[in-house]
Each structure stands twice: as structure tokens, then as C-alpha cells.
Amino acid sequence: MKGHVETPAALAEHMTRHLFEGRLPEKGDRILYPGCGRAPFAAAVEKVCSEIGRPLPEGHAVEMNPELLEDAQGRGLSHVTFHQLDFLSPEVDRLGKFDYVIGNPPYVAIEGLDEEEKRRYRSRYHTASGRMDLYFLFFEQGVDLLTSGGRLSFITPEKWTYVESARDLRRLFASDDLHLEEIVHVPEDAFEGLITYPSITTVSRSPAGRTTVKRRDGTVHTSEIATGAESWASAIRDADLSHMNTGITLDDISVRISAGVATGRDRIFVRSADEVSSDLRPDWTYPTVSGKELKQHGSPQSGSVFICAYREDGTLVDEDDLGAFGDWAIQHRDELEKRSCVKNGKRWYSWHENPPMQDILRPKILFRDVTQEPEFWADYTGNIVPRHTVYYLVPAEGVDLDALMNYLQSLEAREWMEAHCQRAANGYMRLQSRVLKKLPVPEELVPEYQGSLALSG
Ligand SMILES: C[S@@+](CC[C@H](N)C(=O)[O-])C[C@H]1O[C@@H](n2cnc3c(N)ncnc32)[C@H](O)[C@@H]1O
């Protein structure tokens with residue numbers, strides 16, 4: 001059953017009352033139920049109309065799944081004609097336009113679609129770009145079927161307001177002839193944990209205007225949110241994930257979150273471990289990894305080393321004591337002296353920046369600065385000196401590295417990063433340290449908290 005998640009009757013009724021607010025059904029109105037499943041919304045409409053004494057609209061329900069359709073037809077609903085159809089197919093156009101559209105569309109990410117479906121949807125829907133989800137397409141088709149002044153209300157995950165793959169959906173909602181009236185963040189347990197961060201979106205085919213956002217913490221704000229295709233996170237986000245706020249941030253439990261070291265000449269200082277002579281290897285090298293290697297190897301063990309004259313305390317060895325390093329480096333002296341840092345007074349064999357070795361040479365977490373999705377790797381040995389394209393996070397004394405890794409890879413932390421990190425080209429995101437430092441962390445990760453648990457236990 002593609003994307004079937006049943007809407008509880010109380011939620012369907014709540015959405016129905018809301019759909020009719022300020023726009024009560026009139027004789028001759030028409031209502032559409034896309035992906036109707038067992039028809040909880042049609043049942044809610046019959047109940048609400050009877051309670052408020054309004055005429056039932058002419059209802060049409062579209063569902064692909066024959067078993068669900070049979071169940072829906074067996075409910076004895078008086079105002080609905082059922083259609084076994086793909087809601088995203090052109091055949092739906094013959095159903096005409098609607099004053100109301102209400103539903104809970106399927107949430108099916110691109111991985112759940114076959115090649116033929118992807119091709120078909122991509123040729124018909126603007127919103128079917130990149131890593132689309134079926135509910136983007138349901139939104140597009142749904143608003144397309146609205147009469148002038150008609151209103152649509154869907155419950156979906158709220159991610160479309162900021163993820164890169166929903167750019168075209170945000171652009172659609174920012175059109176002059178659509179009014180994104182409201183986004184209501186629904187408690188997470190509305191679907192017994194099946195959807196992360198559900199929200200109800202109400203949009204009407206009427207001149208664009210301001211949007212009211214009702215947040216989970218009960219606060220309400222109204223502003224210009226539907227401004228264009230860029231993420232709306234900054235307009236909405238503060239409250240989106242506000243339940244994560246513990247008052248403790250990643251910065252509070254880290255000694256350092258920084259970009260790896262810049263030498264000014266990686267092509268000289270970085271070598272494959274196999275090609276480094278045995279007299280250099282033991283004392284003058286550290287394993288290293290670049291952002292590209294992290295991805296390629298899927299591990300920080302890249303086989304590359306930095307040839308390095310810095311001691312473990314971060315001090316640079318004197319020129320007289322360079323030994324095997326000096327014999328090797330002298331061959332590259334001309335090239336190394338061309339670096340701007342040398343012109344600015346640094347030793348010819350130093351690096352562009354002094355590496356904070358005391359921090360770097362500790363167990364830590366590595367990640368790429370520009371990435372398609374957040375990914376983290378643990379350096380348990382603590383002996384890797386990351387290159388400039390790799391960020392490293394050194395946890396504070398007593399923070400459990402594995403627990404922190406688990407948290408950074410959790411759905412919740414990823415949602416936060418998606419909502420807060422800047423976008424690079426091609427949908428890539430930038431995991432900048434200044435942003436990540438603000439990531440709220442659960443108090444279980446704080447050493448004092450772990451200590452107090454041990455005491456109370
Ligand atoms: C999230 S469920 C919601 C079902 C129902 N509206 C409810 O609220 O309980 C989405 C429904 O859409 C149906 N569906 C998925 N893709 C469809 C399509 N292309 N056309 C019509 N229905 C579809 C599924 O079978 C499923 O019943």
C-alpha cells in the first residue's frame with residue numbers, strides 16, 4: 001500500500017472544521033478527497049455539516065488502492081462518488097474544479113517510486129524535481145483543481161518548508177494567485193510516531209497574503225512567509241524545533257569545532273603512507289584525511305599522511321633539530337618559501353596555520369564541510385590530523401563519543417541541520433562550525449548529568 005497512513009477520525013474532523021472556517025459550504029459546492037484511503041475526511045464532512053446545519057457538498061474521492069476503496073465505499077457515505085484512479089494522472093482533470101480539497105496525501109520519497117513513475121511525474125509536475133516526495137505532487141495537483149476562491153487543506157510532514165527538494169513547491173505557494181493561509185504544527189503523536197513533525201497546510205486560490213504559523217509551543221505568528229523558492233526556515237524555524245532546546249548546545253560540550261589544518265601546500269605535505277621513507281615515517285608523519293577521501297573510503301582511514309614538523313604539544317621543531325624531516329623538506333624549500341605565510345614571517349617549513357595539536361590529537365568526530373546530507377565519522381584513535389576540507393569536533397572531557405555520534409546521526413539532529421545550515425550549489429549543504437555550535441543537545445550527553453545519574457542510581 002503506497003504511502004498509506006490512516007488519519008485518526010478526530011484529526012480529520014478538526015481539519016474539516018478548520019477548512020470550513022470563514023467559508024461555510026453552500027448549495028452546489030464541490031469537495032475532493034485525494035488519496036482518500038478509508039475516507040476519514042468524507043466521514044468527518046458528513047458529521048460536521050450535519051452538526052452546523054450546512055448542505056453537504058458534492059464529494060469526489062480518488063484512491064488507487066482497490067481494497068481501501070472498497071472499505072470506503074462500505075461506509076455508507078451519502079455525498080461521495082468514488083473513483084479508482086491515480087490522483088496524479090491526467091484523467092483526474094475530467095472531475096472538474098473543486099471549492100474544497102482535503103486530505104492526507106501519501107508520503108513516498110523518490111526511493112519508493114519506480115523509473116516509469118518518476119518519468120511520468122517529472123513530465124507533468126513542476127514540483128517533481130530532485131529528491132521529490134509524492135506529497136509535493138499532490139499539493140500541486142490539488143491547488144490546480146481549486147476553483148477561484150477554493151481552499152485546500154493537507155496534513156503532511158512539515159519538511160517541505162525548508163528542504164532543498166521542495167524548492168519548486170515553495171515557489172508554487174509563493175505565486176500571486178495563491179494564498180498560503182496557514183501552517184499549523186501538529187503534535188508529533190498525532191500519528192502515533194509515524195510522521196516526524198506533521199503540519200496542516202491551508203492554501204486558497206485567492207490573492208497572495210500573509211501566513212499564520214501556529215507552533216507546537218502554542219505561539220502564533222503571522223508574516224510574509226511564502227516569499228519564494230528559498231528555504232522558509234528562518235521565518236518559521238525558531239519554533240519548528242523549539243522542543244529540542246535544552247539550553248545546552250553542541251558548543252557547550254565540545255572543546256573545539258573547527259576546520260582541519262591548512263598547510264598552504266598540501267601537494268607537498270600530504271603523501272600516501274606507502275611512499276614515505278621509513279626514516280620519516282615513525283616520527284614525522286600523522287595519518288590525515290580530506291573531505292573527498294572521507295566520502296570515498298567511508299572511513300577516516302585514508303592511507304594518506306601529513307609530513308609534519310609540529311610536536312604533539314603544537315610547537316614547531318627548531319630548524320637544527322629537523323633530522324629526517326629536514327632532509328626531506330629541503331628538497332621542497334623553494335616551493336614552500338613561495339607561500340604567503342612564509343612571506344608574512346613564518347618559518348619556511350611551517351604550515352599556513354599553527355595546528356592546535358593538543359586538541360587535534362584526541363578522539364574526535366570528523367565531518368565534511370560541504371555535503372549532500374549530514375554524515376559523521378569517529379576517529380577513536382585520536383591520531384588523525386584532518387585536512388582543511390574536513391571539520392573536526394573534539395568532545396569535552398567525559399562526553400561519550402559514541403553517544404554523541406548517535407545523537408548527531410539521529411533524525412532529530414538531522415532535521416535541525418537541514419533547517420539551519422546554509423545551502424551550497426546543487427542542493428549541497430554547508431555544515432559550518434558556527435551553525436553546528438548552536439545545535440541543541442540533550443542533557444543526557446552532558447558529563448555532569450551522566451555523573452548525577454550514576455550518583456542517583
Ligand atoms: C497517507 S494515506 C492517507 C489515507 C487517507 N486519506 C487517510 O487520511 O486516512 C495516502 C493514501 O493515498 C493513496 N495513494 C497513494 N498514491 C496515490 C495516487 N497516486 N493516487 C491516488 N491515491 C494514492 C494511498 O493508497 C493511501 O490510501
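The structure presented is a predicted model; accordingly, all values stated were derived computationally and were not measured. Note that ligands are numbered from 1 as they come in the structure, with each ligand's atoms numbered from 1 the same way. One-based numbering along the sequence shown. These values consider heavy atoms only, across backbone and side chains, with no hydrogens, waters or symmetry-generated copies.
Here Pro40 has side-chain heavy atoms under 4.0 Å from ligand 1, and that is the only part of it that gets that close. Residue Pro34 does not touch ligand 1, judged by heavy-atom distances below 4.0 Å. If you look at Ala12 next to ligand 1, there are no close heavy atoms at all, none under 4.0 Å. Only the side chain of Phe41 comes within 4.0 Å of ligand 1, counting heavy atoms alone; its backbone N, CA, C and O stay farther away. Contact annotation: for Phe154 versus ligand 1, there are no heavy atoms closer than 4.0 Å. Proximity of Leu85 to ligand 1, defined as any heavy-atom pair under 4.0 Å, is confined to the backbone N, CA, C and O atoms.
In this structure, Tyr100 contributes its side chain and Phe20 its backbone to no donor-acceptor pair below 3.5 Å.
For the side-chain hydrogen bond (donor to acceptor under 3.5 Å, both in side chains) with Ser153, the qualifying choice from Thr16, Thr202, Asn104, Thr201 is Thr202, the only one to do so.
Residues Ser254 and Asp251 bring no donor and acceptor atom of their side chains to less than 3.5 Å of each other. Between the side chains of His79 and Glu46, at least one donor N or O sits under 3.5 Å from an acceptor N or O. For Ser204 and Glu181, the side-chain atoms include at least one donor-acceptor pair closer than 3.5 Å.
With distances taken over non-hydrogen atoms, the option nearest atom 27 (O) of ligand 1 out of Met15, Glu117, Glu6, Glu63 is Glu63. In the candidate list Tyr121, Tyr33, Phe87, Phe138, Phe138 is nearest to atom 23 (C) of ligand 1, counting heavy atoms. Considering only non-hydrogen atoms, atom 7 (C) of ligand 1 lies nearest to Thr7 out of Thr7, Leu11, Thr156.
Within a 6.0 Å sphere centred on CZ of Arg124, other residues, nucleotides and ligands contribute more than 12 heavy atoms.
Remark: ligand 1 atoms within the under-4.0 Å shell around heavy atoms of Leu68 are 25 (O), 27 (O). Proximity to Pro105 (heavy-atom distance under 4.0 Å) selects the following atoms of ligand 1: 1 (C), 10 (C). Atom numbering of ligand 1 starts at 1 in the shown order; those under 4.0 Å from a heavy atom of Cys36 are 5 (C), 6 (N).
Considering backbone and side-chain N/O of Asp86, one or more are found under 3.5 Å from N/O of ligand 1.
Here the two rings, on Trp160 and Phe173, have centers that are under 6.0 Å apart.
The existence of a salt bridge linking Arg151 and Asp99 is excluded, since no basic side-chain nitrogen approaches an acidic carboxylate oxygen closer than 4.0 Å.
Relative orientation of the Phe138 and Phe154 rings is tilted, given thresholds of 30° and 60° on the angle between their planes.
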